[in-house]
Every structure is written in structure tokens, then in C-alpha cells.
Amino acid sequence: MTRGVRPLKGELIPFGPGSLKPGAVIIYLTPRIEAYLRELMRTGFYGHGVPDTCERLICRGIETAIAKGIIPHKGPLKGRE
């Protein structure tokens, strides 16, 4: 049986073993977090959609952790450096 999640646009995305691309992540958002992400998206500095905004915020968090020496630098992040 295939399970699924309801993404922001409402279509059903099936997932199960082997259905996600390597590196794909499913994030469940609370309504409040989704509202914050949409506000950041509207500024134009964080991408053109909630997934874009999530990716950019994750990259910025990783860059901050590298800069503070919390984790070692392993090479360029997607679309960065």
C-alpha cells in the first residue's frame, strides 16, 4: 500500500521505499512555521516558493555552523561558493 502526504498545493504525493530521489526530504510544517516561511518567501530574498525558502534557510544554517567551527567544511553547498 502506498502512503502519501498532502503538500502545500493539495495534490497527493505517493511515497514509500524507493519513491524519493536521493537527497529528497519530506518536511511536515505546522501552520505557524508555514506562515513564517511564506512571509520570508514574500521578501524575495529566500526564493520563490516554500521549498526554495526551506532549502535556502537550511543552507544558511549549514554555512553558519561551518563559519562557527561547529562542523567541518566538506565542499560547496548546492548553488553556493
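No side-chain heavy atom of M41 sits less than 4.5 Å from a side-chain heavy atom of D52. At a threshold of 4.5 Å between non-hydrogen side-chain atoms, the residues I33 and I27 do not count as touching.
Here K74 contributes atom NZ and I62 contributes atom CD1; the two are 11.0 Å apart, rounded to the nearest 0.5 Å. We find the CG-CD distance between L57 and E55 to be 10.5 Å, quoted to the nearest 0.5 Å. Put simply, OG1 on T53 and CD on E34 are 11.0 Å apart, with the number rounded to the nearest 0.5 Å. Here the OH-CG distance, from Y36 to L29, works out to 13.5 Å after rounding to the nearest 0.5 Å.
Of all heavy-atom pairs spanning I66 and P72, the tightest one is CG1-O, 4.2 Å. Counting all heavy atoms, side chain and backbone alike, R60 lies closest to F45 at NH2-O, 4.1 Å.
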